[in-house]
Amino acid sequence: MAIKGYIRERFFPHIWCPGCGHGIVLNSLLRAIDKLGMSKNEIVVVSGIGCSSRISGYVDFHTLHTLHGRALAFATGVKMSLPELNVIVPMGDGDALAIGGNHFIHSARRNIDMTAIVMNNRIYGMTGGQYSPLSGYGTLATTAPYTNIDNAFDTVELATAAGASFVARSTTYHVQQLTKILKQAILHEGFSVVEVLSQCPTYFGRKNRKGTAADMMEYYKNNTTPVGSTAKKENPDLIERGVFVEKEMPEYCKEYDKIIERAMKESS
Amino acid sequence: MAKPKLKAHVINREWCKGCGICVHFCPKNVLELDEEDKVVAARREDCICCKMCELRCPDLAIEIETE
């Protein structure tokens, strides 16, 4: 398998539970990188803390496994010092949008060139199934035994409002679309956000009686629709997937280079 | 493009966790879980090499080799 060249086989089988969607995200990400024909040396994967963040240990690129919610801050440091590298930041939903919520919106606002992947399983899996900012109203979690009363963020709308220049969503069922979107996101110059609906059969699934991993993927199949479809107009509850935003905007590192140039001119 | 011809289902039994995603979504019902909850190609002659099992495997444990 070509993608086997991109993993650290010594750490397999990985720690993720049977049927965990995060493994499918890893699978798709490796295929996207393989299709782009990128060299391992030009990729940096930076992650925070959580089930999702274990991904950085499994990929054979330059990797950083950092603090909870702070992956984007570390990634910003890497990118600013070596802008020629491709920086990919896989995060969980809690990691990206609760603890790391500020880093997320400000990275989007700056439009710094990196790819943020929000692996949305709607729960904190590693610590035992606490509700996350994407669990949503009415769901059950270890910390919400009488149902959750917090509303969820819409990752796509949040990223769009914060100024990300590439925003997309897919699921672990739609693997071909996911690989294609990840390719586009990595190639895009600017801050790219890809939300991936990723099943947690162990906690979110079991607490909310969503069945097996395959059942949860059937849910993604039956309850999502391509962005802008007529099905969405007929059934507003469907979750849209596809590319929502793709625009050219000044990129942060490039703008910073201009500042350096300007400052050097004035001081000389 | 000619139809891809199946060479083998390469299954890594050490990595397979028996989640059953590949079994569930195989369009031709080729795959099964054995008594150890590991995937096996029970009806390999029906395989159309669509590779959806390979793409959806969370454990990178199955690969479709074609000629």
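Convention: sequence-line order gives letters A, B, ...; per-chain numbering from 1. All heavy atoms count here, side chains included; hydrogens, waters and symmetry mates do not. What you are looking at is a predicted structure, and each value in this text was computed from that prediction instead of being measured.
- Contact annotation for A:Thr172: only backbone heavy atoms (N, CA, C, O) come within less than 4.5 Å of a heavy atom of chain B.
- Enclosure of atom NZ in A:Lys180 is not indicated, since only 12 or fewer non-hydrogen atoms of other residues, nucleotides or ligands lie within 6.0 angstrom.
- Residues A:His14 and B:Leu60 form no side-chain contact, since every pair of their non-hydrogen atoms from C-beta on lies 4.5 Å or further apart.
- Listed options A:His22, A:Lys221, A:Glu218 were ranked by heavy-atom pairs under 4.5 angstrom with chain B; first place goes to A:Glu218.
- More than 12 heavy-atom neighbours from other residues, nucleotides or ligands sit within 6.0 angstrom of NZ on A:Lys232.
- Scanning all heavy atoms of the two residues, the minimum distance from A:Pro13 to B:Lys17 falls at CB-CE, 4.3 Å.
- Chosen from B:Cys19, B:Cys22, B:Pro58, B:Gly20, the residue pairing most often with chain A at heavy-atom distances under 4.5 Å is B:Pro58.
- A donor-acceptor contact shorter than 3.5 Å links the side chain of A:Asn27 to the backbone of B:Cys57.
- Residues B:Leu55 and A:Ile24 form no side-chain contact, since every pair of their non-hydrogen atoms from C-beta on lies 4.5 Å or further apart.
- Looking at A:Tyr58, neither its backbone nor its side chain comes within 4.5 Å of chain B, counting heavy atoms on both sides.
- Between the CG atom of A:Leu178 and the CZ atom of B:Arg56 there is a distance of 11.0 Å, given to the nearest 0.5 Å.
- In this structure, the side chains of A:Gln199 and B:Ile21 come closer than 4.5 Å at one or more pairs of heavy atoms.
- Using a 4.5 Å heavy-atom threshold, the side chains of B:Glu14 and A:Phe12 count as separate.
- Between the side chain of B:Asp59 and the backbone N or O of A:Trp16, no donor-acceptor pair lies under 3.5 Å.
- Identified by a heavy-atom distance below 4.5 Å to chain A, the contributing residues of residues 23-44 of chain B are B:His24, B:Phe25, in residue-number order.
- Open room surrounds CD on A:Gln176; 12 or fewer heavy atoms of other groups in view lie less than 6.0 Å from it.
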